[in-house]
Amino acid sequence: MAVQKKDVFTIMTYNILADNYATRSQYGYCPSWALNWNHRKDLILKEIITNQADIICLQEVVTDEYHQYFLPELNKEGYMGIFEPKSRARTMNEDDRRFVDGCAIFYKSNKFEVESRELIEFTVLARQIVETAKQNGSTNKASDEVINRVMTKDNIGVVAVLKFKNPPDNLSNASEETKNNGNGGGGNNRIMISNVHIHWDPEFCDVKLMQILLFMTELRRKIADNIPLVLTGDFNSLPSSGVIQFLLDSRIPFSHPDFKQIDYKHFFDEISTSGDESYSKITHPYKLSSAYPTDRADCFTNYTYDFKGIIDYIFYPRDIMRPLGILDTVPPSWFHDNNIVGCPHPIVPSDHFLLLTEFQMFLNNTVSALPDIALLVLSVNDCALKRRIQLDTCGCRHYNF
């Protein structure tokens with residue numbers, strides 16, 4: 001079937017490492033001057049501006065820095081922004097609230113406008129499911145675990161439904177069949193951008209899994225699931241984790257070891273992400289794939305002295321979107337050749353690397369009906385979405401337009 005008109009957009013996700021967390025005790029291998037926020041923020045902004053993504057999702061953005069630095073600077077580049085701090089901000093006075101980090105979404109104002117936005121707070125959702133269980137008389141030991149483990153973690157997700165300002169025909173005139181499918185056709189010229197930051201501690205794999213289950217549950221409750229979902233962020237979860245299994249497989253059994261044999265199941269008896277749950281598993285209706293490969297041993301999105309792995313992701317609806325290209329992560333050989341044991345580093349401003357993907361979106365056809373194309377993987381020595389990123393002999397990044 002011939003490809004009809006298409007729309008192409010780029011999306012970036014980047015955990016920029018909040019100044020609050022960039023301490024010498026945590027990153028002792030990095031010189032103090034290189035950890036200093038005034039040094040790092042300029043490098044971070046340069047990376048963001050150079051890549052000129054249509055949509056930018058940032059994690060660990062400090063409230064004051066969003067309002068005083070990132071929003072004004074990105075306004076100059078044609079972006080508008082949405083920001084929400086972590087839940088602890090609501091318990092603080094105005095002065096202390098300025099230093100709480102959160103999640104931000106920026107979008108090109110000449111391409112998109114915001115139709116709606118949502119803040120999803122895991123602390124609030126955890127409290128609600130415990131209260132519901134109490135009202136139903138179904139509390140048990142798991143209720144204590146939710147209170148002590150899940151409810152105390154104030155991570156958040158920020159959601160924006162963006163509308164294309166000048167959609168091509170294939171987005172504004174989707175077929176009735178595609179409009180009615182469960183993967184986003186009814187969204188017409190809209191996309192749902194979700195930016196999440198999941199709890200970090202590997203000892204709390206059950207909390208991470210509960211957070212993403214609650215997030216997907218709330219997402220479907222608040223926003224129609226026929227709007228295409230692009231889910232990005234720092235999931236603090238390896239590809240082998242229950243979190244990523246749930247997102248990619250659209251289901252997970254309550255017997256999964258990441259639940260730590262805690263009986264979380266009964267909290268989802270009355271709230272669910274899909275209408276066809278069985279007794280033994282929970283599902284979600286979004287058919288998601290990862291834009292980046294999750295099975296490459298040489299791929300890292302987080303690179304520190306004592307941890308190196310994939311924990312940041314861009315997920316997309318595989319039936320109506322396909323990635324045209326990705327900006328690859330920095331190869332391990334570069335770190336080895338330049339004797340870099342971990343990040344941040346004087347020339348690498350965060351312990352995470354930004355991810356950047358170019359998507360093609362279709363609503364008149366499903367992707368399975370379209371001709372196959374090869375995914376373009378743009379290395380740091382290749383042309384990256386019309387911008388060249390090179391490493392010179394001293395390891396400095398240069399951006400050639």
Visitor: Please answer whether the main-chain N or O of Leu248 pairs with a side-chain N or O of Tyr286 as donor and acceptor at a distance below 3.5 Å.
Guide: no
Visitor: Can you tell whether the side chains of Arg221 and Glu218 come within less than 4.0 Å, N to carboxylate O?
Guide: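 Glu218 and Arg221: salt-bridged.
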Visitor: Out of His352, Glu47, Gln59, which residue meets the side-chain hydrogen bond (donor to acceptor under 3.5 Å, both in side chains) rule with Tyr14?
Guide: Glu47
Visitor: Looking at every heavy atom in both Tyr107 and Gly81, which two are closest together, and how far apart are they?
Guide: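 Scanning both residues completely, I find the closest heavy atoms to be CE2-N, 4.3 Å.
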Visitor: Looking only at atom types and distance, does a side-chain atom of Arg40 sit under 3.5 Å from a main-chain N or O of Ile16, one as donor and one as acceptor?
Guide: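 Between the backbone of Ile16 and the side chain of Arg40 there is a qualifying donor-acceptor contact (under 3.5 Å).
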Visitor: Parallel, tilted or perpendicular: which one describes the rings of Phe215 and Phe122, with boundaries at 30° and 60°?
Guide: perpendicular
Visitor: Is a donor on one side and an acceptor on the other found under 3.5 Å between the side chain of Lys163 and the backbone of Glu113?
Guide: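 Pair absent, no side-chain N/O of Lys163 close to backbone of Glu113.
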Visitor: Using a strict threshold of under 4.0 Å (side-chain N to carboxylate O), is an ion pair present between Lys287 and Asp319?
Guide: yes
Visitor: So Phe315 and Phe235, do their side chains get closer than 4.5 Å, heavy atoms only?
Guide: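 Yes, side chains in contact.
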Visitor: Can you find a pair of side-chain heavy atoms, one from Leu71 and one from Asn75, that are under 4.5 Å apart?
Guide: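 In contact.
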Visitor: Would you please indicate if the ring centroids of Tyr303 and Phe335 are separated by under 6.0 Å?
Guide: yes
Visitor: Hey, does Phe83 have a side-chain heavy atom less than 4.5 Å from the side chain of Ile105?
Guide: no
Visitor: With no hydrogens and no angle check, is any side-chain donor or acceptor of Lys153 less than 3.5 Å from a backbone partner on Arg149?
Guide: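 Yes, the answer is positive, given that a donor and an acceptor are paired below the 3.5 Å cut-off.
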Visitor: Can you tell whether the side chains of Arg296 and Asp298 come within less than 4.0 Å, N to carboxylate O?
Guide: yes
Visitor: Do Lys111's NZ or CZ and the ring of Phe9 fall within the cation-pi criteria of under 6.0 Å and 45°?
Guide: no
Visitor: Cut-off 3.5 Å, side chains only: do Thr301 and Asp312 have a donor facing an acceptor?
Guide: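 Yes, because at least one side-chain N or O of Thr301 sits under 3.5 Å from a partner of the opposite role on Asp312.
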Visitor: Do the side chains of Met361 and Pro228 get nearer than 4.5 Å, heavy atoms only?
Guide: yes
Visitor: Please give me the minimum heavy-atom distance between Val196 and Gly157, naming the atom from each residue.
Guide: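 Between these two residues, the closest heavy atoms are CG1-CA, 4.0 Å.
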Visitor: If you draw the axis of the six-membered ring of Tyr69, does the NZ or CZ of Lys41 fall within 45° of it and under 6.0 Å from the ring centre?
Guide: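 Judged by the rule, Lys41 and Tyr69 form a cation-pi pair.
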Visitor: Is Lys308 paired with Asp351 through a side-chain N to carboxylate O contact shorter than 4.0 Å?
Guide: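 Between Lys308 and Asp351 there is no salt bridge, as every charged N stays at least 4.0 Å from the carboxylate O atoms.
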Visitor: Do any N or O atoms from the side chain of Asn338 and from the backbone of Ile340 form a donor-acceptor pair under 3.5 angstrom?
Guide: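 Checking the backbone N and O of Ile340 against the side chain of Asn338, no donor-acceptor pair under 3.5 Å is found.
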Visitor: Hey, mind stepping through Val114 and Met80 against side-chain contact (heavy atoms from CB on, under 4.5 Å) and telling me if it holds?
Guide: CA-CA 9 Å; Val114 174; Met80 300 294 287; over 6 Å; no
Visitor: Does the pair Phe359 and Tyr316 meet the rule for a ring pair (Phe, Tyr, Trp, His ring centres under 6.0 Å), with working shown?
Guide: CA-CA 9 Å; Phe359 284 112; Tyr316 66 95; 5.2 Å; yes
Visitor: Has Tyr313 got a side-chain atom pairing as donor or acceptor with Ser237's backbone, closer than 3.5 angstrom?
Guide: yes
Visitor: Does Asn195 reach the main-chain N or O of Val158 with its side chain, forming a donor-acceptor pair under 3.5 Å?
Guide: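 Pair absent, no side-chain N/O of Asn195 close to backbone of Val158.
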Visitor: Is the shortest side-chain N to carboxylate O distance from Asp54 to Lys108 below 4.0 Å?
Guide: no
Visitor: Examine Tyr264 together with Phe254 and report whether their ring centres are nearer than 6.0 Å.
Guide: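 No.
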Visitor: Could you tell me whether a side-chain N or O of His199 sits under 3.5 Å from a main-chain N or O of Val207, the two making a donor and an acceptor?
Guide: no
Visitor: State whether Glu118 and Lys222 are salt-bridged, where the test is any N-O pair (Lys NZ or Arg NE/NH1/NH2 against Asp/Glu carboxylate O) under 4.0 Å.
Guide: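 The answer is yes: the pair qualifies as a salt bridge.
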Visitor: For the backbone of Leu355 and the side chain of Thr13, can you confirm whether one donor and one acceptor N or O come within less than 3.5 Å of each other?
Guide: no
Visitor: Any side-chain heavy atom of Arg190 sitting closer than 4.5 Å to one from Glu115?
Guide: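 Yes - at least one pair of side-chain heavy atoms lies under 4.5 Å apart.
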Visitor: Do Pro344 and Leu17 have side chains that get closer than 4.5 Å, going by heavy atoms?
Guide: yes
Visitor: Hey, is Glu121 close enough to Lys86 for a salt bridge, meaning N to O under 4.0 Å?
Guide: no
Visitor: Report yes if some heavy atom in the side chain of Glu65 is under 4.5 Å from a heavy atom in the side chain of Trp37; otherwise report no.
Guide: yes
Visitor: How about Ile147 and Val130: do any of their side-chain heavy atoms sit closer than 4.5 Å?
Guide: yes
Visitor: When you check the side-chain N and O atoms of His197 and Asp234, is any donor under 3.5 Å from an acceptor?
Guide: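 Short answer, yes.
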Visitor: Show, in sequence, the C-alpha distance, side-chain angles and deciding distance for Lys76 and Glu73, and conclude whether the salt bridge (Lys or Arg N to Asp or Glu O under 4.0 Å) test is met.
Guide: CA-CA 5 Å; Lys76 298 174 185 176; Glu73 291 299 324; 3.2 Å; yes
Visitor: Any side-chain to backbone donor/acceptor pair from Thr357 onto Ile11? Under 3.5 Å, distance only.
Guide: no
Visitor: Got a sec: does the NZ of Lys260 have more than 12 other heavy atoms crowding it under 6.0 Å?
Guide: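 Correct, the count exceeds 12.
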